[in-house]
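Since the structure comes first, as structure tokens, the remarks are kept for the end.
Each residue takes its place number in the sequence, starting with 1. One-based numbering, in listed order, for ligands and for the atoms of each.
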Amino acid sequence: MMEIHQTQTYKGFRWQVTFFFLFSWLCHSASGQLHYSIAEELKQDSVIANIVNDLGLDVKEVKSRRLRIVSRVSEKFFSVNLGNGDLYVKDRIDRETLCRAAPTCFLTFDAVVENPLNIYSVKIDIKDINDNSPIFFHDTITLEINELTPPRTHLVLQNAEDPDIGSNAVQSYRLSDNQYFTLNENISIDGSKILELVLDKPLDRETLNFHELILTATDGGNPKRTGTALLRIIVTDYNDNVPVFTQQVYKISISESAPINSTVTVVTATDKDDGTNGHITYSFSRTAENAFHTQMFNINPANGEIKTKGHLNFEVTKHYEMSVQAKDGGGLLAQSKVLIEIKDENDNAPEISIASLSTPIPEDSAPGTLIALIEVHDQDSGENGEAECHILGSSPFQLVTSTSRYYKLVTTSALDRELVPWYNITILATDRGSPQLSCIKYIKLDISDVNDNPPVFVKSTFAAYLPENNLPGASIYSVYASDPDAGDNSKIIYSISNINTEDFPVSPYFSINIETGVLYAQRSFDYEQHKEFQINIMAKDNGSPPLSSNATLIIHIIDQNDNAPKILYPSTESGGSPFFEMVPFASVQGSLITKVIAVDADSGHNSWLSYHFIQMSEPSPFSISQHTGEIRTSRMFQEKDILKHKVVIMVKDNGEPSLSATVTLSLVVGDHFQHVVPQINNEFNDGEPSSNMQNIYLVIALALISLLFIIAVMLVIISKCKESKPPPEFPTLNTNLYSQFDPRMLSNYNNGTLGLPYAYNVCVALDSSESDFSLLKPNQNVPVENLIDADDSGLGNESSKETLSPVEVKQITFWTFFDGLQL
Ligand SMILES: *[C@@H]1O[C@H](CO)[C@@H](O)[C@H](O)[C@H]1NC(C)=O
Ligand SMILES: *[C@@H]1O[C@H](CO)[C@@H](O)[C@H](O)[C@H]1NC(C)=O
Ligand SMILES: *[C@@H]1O[C@H](CO)[C@@H](O)[C@H](O)[C@H]1NC(C)=O
Ligand SMILES: *[C@@H]1O[C@H](CO)[C@@H](O)[C@H](O)[C@H]1NC(C)=O
């Protein structure tokens, strides 16, 4: 009934007035008090009712009775038109302002009239109209809900407010469409409604971290009014996600030459969580195994960058296997593996080592002889570690592959120590890497000597010229042979022998210093006896077996003018009596009388003879041919001429100084022998006394010689006794001459060669009383047969008997020759 009334009030003024009449009446009749009911928010000057009528007063009297409204509050809102008695709204009446949320709201005032004074109480009920919409206190409601919040969780929301009351107040709420949330209204203990947000479905921040919903509150007015608020729901993170590496295994290969601090790789892990829950730090897992593998690397905790910490070396470690972990702020872990393979670089040069080396090797080693075993090693792998060996330069060697890493160094051709005594073999090893690395090894190979070279004389034939009457023991010549071999193989020992063993032995005549090759004459030579010697000199080295070579030494004895001419005819042997020659008186000028024949044992110039007269009594009827020695008449004889001539003929050789011989010749001029005989007899008579005298002299001389001989023999005996004391020694000279000589070698060279101690004794005579140059005195140590060939064929006998004078030999020859001429 009330609501309808209200509705009428809204519809029109007329309807309203009608209603008020009815209503006023009802009130008046019920209580004697005026009671009106009006809606709030009526327009100003709206007429509520005719209060004068309702009070039962006369409109004409109202003015005079001074009707007025007395109220502290209501005066402001109502007034009375005294002209017609209408009560109307003076000011805006807002129920919500006047009464707030009170269920009833009214204003009261007293209507006072005078004459008589009557006071009427008037009560005006203020009815609510839906003039307010629901309002949320915050336009935007922000909620933080952890993603882990379980479903069916209720969250209290602040209610919307609507100052209207009753059905005009908030009746319902609505939430915009969504999957997660619904609304619930709960009634609290005090009966008020509690608006709750209910979580229907689990939240996941990682899927949707923010929800915006519209919350609408609707009241029950007609028309309904609504109010909205924006509901912002922030889903907060829970550390519900572990970090995840982008790869299960990171495989990287890196060169071993990578410098320090170079980036190997970057490991990355993600965490869907937010904030610290999503903040990842990287590290290497802590295990003993890992500690070893990670010693060369650093990981950046912030970004997972793995860098090298030290110098990698393929030759030490070829791969690293590390486990890395990523940890978020909530402590959740993820692990991954990092496999780092180190790539080889050619950073190691090959190395050459000599496994075995035989040096020196003999020069007669056959081609193919193994000298050394060489090992080549390269620490790198693959091609970087494959090394090849070569010999640099040209040498008679080659490398033969033995196994992959071993080479045999062998000779390729014959060696000759005399040409190349040692080799510096250069071996180069190169690997196949890029860039190529190489190394060089030097091998010094010594070639040891083999006695493959005989001693060589500078000439095959030597010629020596030795003047006769030389000093025995003096050196006369020196031969030299060289031997290119080394050591004992080049130590040369000289020896002499005859060219032809059938000749006389050479040893008594010459000796050779076996070390120096100096040749000594053992005795004085006589050109007239030996004009030439041919000696075979052998140089033999000390190798094993020894090698030798021979040379011929021809010693030419040079003539000296040591022989005076010897007159053969006329003979001077005939007891001193001059030689007679008959000269026929009638000889014509130039007739040959006789011929002086002389010889000179010397040769060459020394034997060129010239013939001269000496002691010539003035112009002689004879002349002598200077060259032929022929004596001829130089003119015819005359009667007055002396018949008996004595000429002295000198034969002179051409030597320097020249030697000469004289002969006295008696030339008797006559026709018959008888004619001449007296003269000859005279001559003999003249000679007789002298002949007797000569005999006496001869006897005396013989006696003297015998005496001298006895004295000489005694002296010899005395000297022999003295000789029994030890012979003088010459240590200084001995050591100087033969100090480096091995005495054992002596026995080999005694044959045909003078033994050393003996040779020395002969060569150097320090004491003439002890050692005679011309006399070969055997030393106790040296057998006599070594000195003088006992088996002498006629010529070697000189030592035992008095030497036959060469002149005598020649004389015999010439006698024979002359006899031949005469015959
Ligand atoms: C209503 O609220 C009370 C106390 O606040 C609670 O115990 C009750 O379970 C709630 N009812 C519903 C249906 O949520
Ligand atoms: C590597 O980096 C560290 C840190 O930046 C630095 O201290 C170090 O000197 C670097 N080493 C080289 C060799 O560059
Ligand atoms: C070998 O030759 C090399 C290069 O010429 C040199 O350095 C080295 O000293 C030589 N070795 C010998 C033992 O002479
Ligand atoms: C040298 O001569 C000796 C003796 O005459 C002889 O035995 C030897 O074989 C000769 N050597 C050579 C190389 O002719």
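- Of the protein's non-hydrogen atoms, N261 ND2, 3.6 Å is the one closest to atom 8 (C) of ligand 2.
- Applying the side chain to side chain contact (heavy atoms under 4.5 Å, CB included) test between F181 and each of L143, L213, D200 identifies L213 as the sole match.
- Taking every heavy atom of N424 and a limit of under 4.0 angstrom, the matching atoms of ligand 3 come to 1 (C), 2 (O), 3 (C), 8 (C), 10 (C), 11 (N), 12 (C), 14 (O).
- Counting non-hydrogen atoms of other residues, nucleotides and ligands closer than 6.0 Å to NZ of K251 gives a total of 12 or fewer.
- Checking D449, D364, D446, D452 one by one against R417, the salt bridge (Lys or Arg N to Asp or Glu O under 4.0 Å) holds for a single residue, D449.
- No hydrogens or angles considered: a donor-acceptor pair under 3.5 Å links the side chains of S257 and S255.
- Remark: Y238 OH is loosely packed, at most 12 non-hydrogen atoms of other residues, nucleotides or ligands lying under 6.0 Å away.
- In terms of protein heavy atoms, atom 4 (C) of ligand 3 is closest to Y442 OH, 3.4 Å.
- The nearest protein heavy atom to atom 11 (N) of ligand 3 is closer than 4.0 Å.
- Within ligand 2, the atoms closer than 4.0 Å to a non-hydrogen atom of I260 are 13 (C), numbered from 1 in the order shown.
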Residues N348, D380; criterion side chain to side chain donor-acceptor pair (under 3.5 Å); working and verdict: CA-CA 6 Å; N348 288 287; D380 294 323; 2.9 Å; yes
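- Remark: atom 14 (O) of ligand 3 lies closer than 4.0 Å to at least one protein heavy atom.
- The shortest separation from a heavy atom of W422 to ligand 3 is under 4.0 Å, placing the residue in contact.
- For ligand 3 and K444, the ligand atoms under 4.0 Å from any heavy atom of the residue are 13 (C).
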